[in-house]
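Structure record follows, encoded as structure tokens.
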Number of protein chains: 2
Amino acid sequence: MPRSRVTLKDVAAASGVSATTASFVLNRVTGQTIPPATQERVRRAAAELGYVPHGSARALREGSSRLVLLNVGELPVAGSLRSFIAGLDAELAAHEHTLLVRHGRTGDATLRRAVETADPRAVIDLVKVYAADDPDRLDGGWIDGLATHTATQIDYLAGRGHTRIGFAMPSDDRLARIARLRLQQARTVARTRGLPAPAEFTLDDFVAAAGTITAVATFDGHAQARVVPPVAVPDGHAAVTAVAAFDDDTALRLLSAMADRGLHAPDDLAVIGFDDTGHGGFWRPALTTVRIDAEGYGRRAARAVLGLPTDAAPPAPSTVIVRSTA
Amino acid sequence: MPRSRVTLKDVAAASGVSATTASFVLNRVTGQTIPPATQERVRRAAAELGYVPHGSARALREGSSRLVLLNVGELPVAGSLRSFIAGLDAELAAHEHTLLVRHGRTGDATLRRAVETADPRAVIDLVKVYAADDPDRLDGGWIDGLATHTATQIDYLAGRGHTRIGFAMPSDDRLARIARLRLQQARTVARTRGLPAPAEFTLDDFVAAAGTITAVATFDGHAQARVVPPVAVPDGHAAVTAVAAFDDDTALRLLSAMADRGLHAPDDLAVIGFDDTGHGGFWRPALTTVRIDAEGYGRRAARAVLGLPTDAAPPAPSTVIVRSTA
DNA sequence: GTGCTGCACTAAATCGAATTAGTGACGCGG
DNA sequence: CCGCGTCACTAATTCGATTTAGTGCAGCAC
């Protein structure tokens with residue numbers, strides 16, 4: 001029985017009022033005096049007929065749909081992004097909005113097309129947020145929060161007595177911008193704590209800054225690690241004793257390379273991940289990492305895009321999940 | 001300079017024709033005779049003014065928007081789902097449509113709300129596809145293809161001389177329905193090949209069907225594995241020599257539990273994953289797994305929802321990525 | 001009884017594109 | 001020169017909800 005769509009007019013007819021009145025009632029428009037009895041009639045009719053407002057018609061009239069678009073590009077939906085999405089979605093739903101996500105290598109053009117056809121109320125472009133500083137950010141303070149989470153990570157290592165720390169960068173170019181930001185933050189934290197600046201290294205070329213690490217490996221970019229012989233620590237340099245990784249994935253790759261060389265965490269080298277994905281817990285040794293209240297940031301982002309005050313209910317501070325590698 | 005939206009009327013005015021004509025030109029409506037010169041004028045005006053059709057208005061008129069909604073629920077966007085999305089998106093884009101994804105624990109109600117506000121041309125609900133047989137499936141044959149991919153997995157093990165095979169089920173209830181389907185398929189394949197039926201086990205209770213495995217572990221549901229003492233193989237039963245896992249994640253958990261017990265793959269027990277996520281390649285030993293041409297299925301799904309013929313260009317057959325565990 | 005206020009509503013316009021049903025001008029056959 | 005068809009367009013309607021600008025009536029003050 002695919003009877004055609006129930007419109008506002010149908011509801012109005014069924015309850016013996018005009019569409020205008022029906023609209024006023026169903027949208028709880030203020031400044032209108034409509035007796036409770038009439039309101040009740042309208043609402044009952046709407047419920048009985050199973051009326052649902054037509055999204056496109058409403059969007060046309062209101063100027064934009066009640067959708068919010070989140071562009072995640074090729075970021076994996078795991079760990080904190082998953083929670084971020086959950087928080088965002090929940091808070092938006094609480095305000096009659098819906099979250100929809102765009103995935104994939106998004107040329108600017110495809111995102112624009114998506115925006116044109118969905119006509120969303122707002123767009124949160126994480127790819128852009130990650131790729132550059134974006135003055136009017138809608139990420140709920142996600143990027144800003146990163147500094148304190150990085151501090152959580154470095155402080156844990158420092159608290160364990162490590163002073164010569166390495167910072168492992170991801171090999172994925174798309175993450176380069178934010179990785180550099182994280183590295184700066186790590187250095188700032190170290191300076192504040194009176195520690196030497198963390199040594200930067202990428203896993204593609206494990207030799208890192210001035211040979212400050214004792215293990216060397218190169219990666220073929222995808223999955224397999226190729227191991228090359230160890231490098232002597234040059235005179236005047238001390239070996240790194242702990243590594244803070246850009247994220248869990250980077251940490252896991254490092255662990256994998258270490259295992260290939262017979263190195264063991266945390267004894268040979270302590271490793272701490274960042275932004276728990278759950279995967280790290282299955283590794284042996286299990287990865288110590290930092291957990292972030294991404295859901296809180298998601299909720300803040302939602303409030304930001306809807307123009308609501310974001311001061312209330314700040315995200316919880318990040319914490320260290322202590323497992324075995326550091 | 002937030003000059004207001006450029007509408008079709010603006011384009012019409014700028015090129016000295018009516019909105020009707022402009023619409024005909026821009027939509028390449030057949031059965032209309034419009035001289036190339038006029039067409040050129042309209043198109044040029046559209047380009048110069050930067051006209052973009054208003055998605056909501058078009059949706060209102062056409063009956064639905066040019067969006068396609070994919071509900072992935074809490075499935076991780078990794079491995080084949082990522083490729084599925086890529087293929088779906090590309091094929092839809094080629095036909096002027098846009099893919100948008102819904103994430104998260106989706107009560108039916110929230111999905112419905114999303115559908116109401118986005119008013120999409122079609123909805124592909126993977127959660128539903130995974131949870132039950134769905135007569136008019138729009139998944140591009142994904143579920144159907146599973147049988148042949150399962151065969152790829154089992155056949156590889158058989159080809160290596162294994163006859164007593166276990167099938168490791170995921171501990172996640174949300175995957176139970178599809179896991180059972182996979183198990184049935186594995187058994188069918190085994191029967192066809194003259195092998196004993198694969199033993200089912202879940203990682204939550206590793207003891208499995210009638211003690212057919214030599215290692216025992218229980219999991220706390222999230223990340224950590226708790227190890228309990230080994231169980232003797234009961235009389236009249238032979239130990240499993242190889243395990244086909246429901247997916248890479250399940251395989252990795254198994255590997256993790258084995259490492260805790262000092263068991264080594266493939267010697268103590270061969271393990272093959274399913275649906276390469278890339279992660280498996282970083283493990284030591286690196287996980288052997290099955291790769292699926294999910295992108296092809298995504299493209300087929302796109303054609304299915306758009307009502308295009310899906311016969312052409314079937315997805316490529318699945319292949320085994322041989323690494324170290326089997 | 002006139003003027004005014006407040007109540008309980010409604011007609012009509014609006015958002016922007018697509019589409020149906022034409023219209024006027026011109027050419028051509030008869 | 002009449003009739004017909006084709007060409008090159010266009011006016012007007014439609015999709016469904018929201019919103020502005022009212023309308024008609026009752027009740028009250030003066």
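Chain letters run A, B, ... following the sequence lines, proteins first and then strands; every chain starts at 1.
- For the pair B:D10 CG and C:dC15 P, the computed distance is 11 Å after rounding to whole Å.
- Each of C:dA11, D:dC9, D:dT10 was ranked by its minimum atom distance to the side chain of B:I34; first place goes to D:dC9.
- For D:dA17, the OP1/OP2 oxygens have a side-chain nitrogen or oxygen of A:Y51 closer than 4.0 Å.
- Atom CZ in A:R58 sits about 22 Å away from atom P in C:dT14, given to the nearest Å.
- In this structure, A:K9 atom NZ and C:dT10 atom P are separated by 14 Å, rounded to whole Å.
- The CG-C1' distance, from B:D119 to D:dA17, rounds to 13 Å in whole Å.
- Evaluation of atom-type donor-acceptor distances gives a pair under 3.5 Å for the side chain of B:T20 against the base of C:dT19.
- Distance NE2 (A:H54) to C1' (D:dT14): 13 Å, rounded to an integer number of Å.
- Out of D:dA11, D:dA17, C:dA17, the shortest distance to the side chain of A:L8 is found at D:dA17.
- Listed candidates were D:dG16, C:dA11, C:dA17. Nearest to the side chain of A:A57 is D:dG16.
- Counting only heavy atoms from C-beta outward, the side chains of A:T98 and B:E116 never approach each other to under 4.5 Å.
- Atom CG in B:L26 sits about 8 Å away from atom P in C:dA18, given to the nearest Å.
- Taking atom CZ on A:R61 and atom C1' on C:dA13, their separation rounds to 8 Å, with Å as the unit.
- Picking from C:dA8, C:dA11, C:dA17 the nucleotide with the shortest atom distance to the side chain of A:P35 gives C:dA8.
- Here B:T38 lies in heavy-atom contact (under 4.0 Å) with sugar-phosphate atoms only.
- Distance CZ (A:R5) to P (D:dT14): 18 Å, rounded to an integer number of Å.
- Heavy-atom distances to DNA chain C give each of B:Q32 and B:L60 a nearest nucleotide, and the one nearer the 5′ end belongs to B:L60.
- Applying the 4.0 Å criterion to OP1 and OP2 of C:dC9, one finds that A:T21 has every side-chain N and O outside that range.
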**Criterion side-chain hydrogen bond (donor to acceptor under 3.5 Å, both in side chains) on A:R121 and A:S64, from CA distance to verdict** = CA-CA 5 Å; A:R121 189 123 323 169; A:S64 67; 3.0 Å; yes

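- A:R102 approaches A:A114 most closely through the heavy-atom pair CD-CB, 3.5 Å.
- Proximity note for A:N27 (side chain, C-beta onward) versus D:dT18, D:dC9, D:dG16: the nearest is D:dT18.
- At a threshold of 4.0 angstrom between heavy atoms, the contacts of A:T7 are confined to the sugar-phosphate backbone, with no base atom among them.
- For the residue pair A:D139 and A:F84, the shortest heavy atom distance occurs at O-CE1, 3.6 Å.
- Below 30°, between 30° and 60°, or above 60°: for A:H149 and A:F274 the angle between ring planes is between 30° and 60°, a tilted geometry.
- Residue B:V29 is out of contact with every strand shown, counting any heavy-atom pair closer than 4.0 Å.
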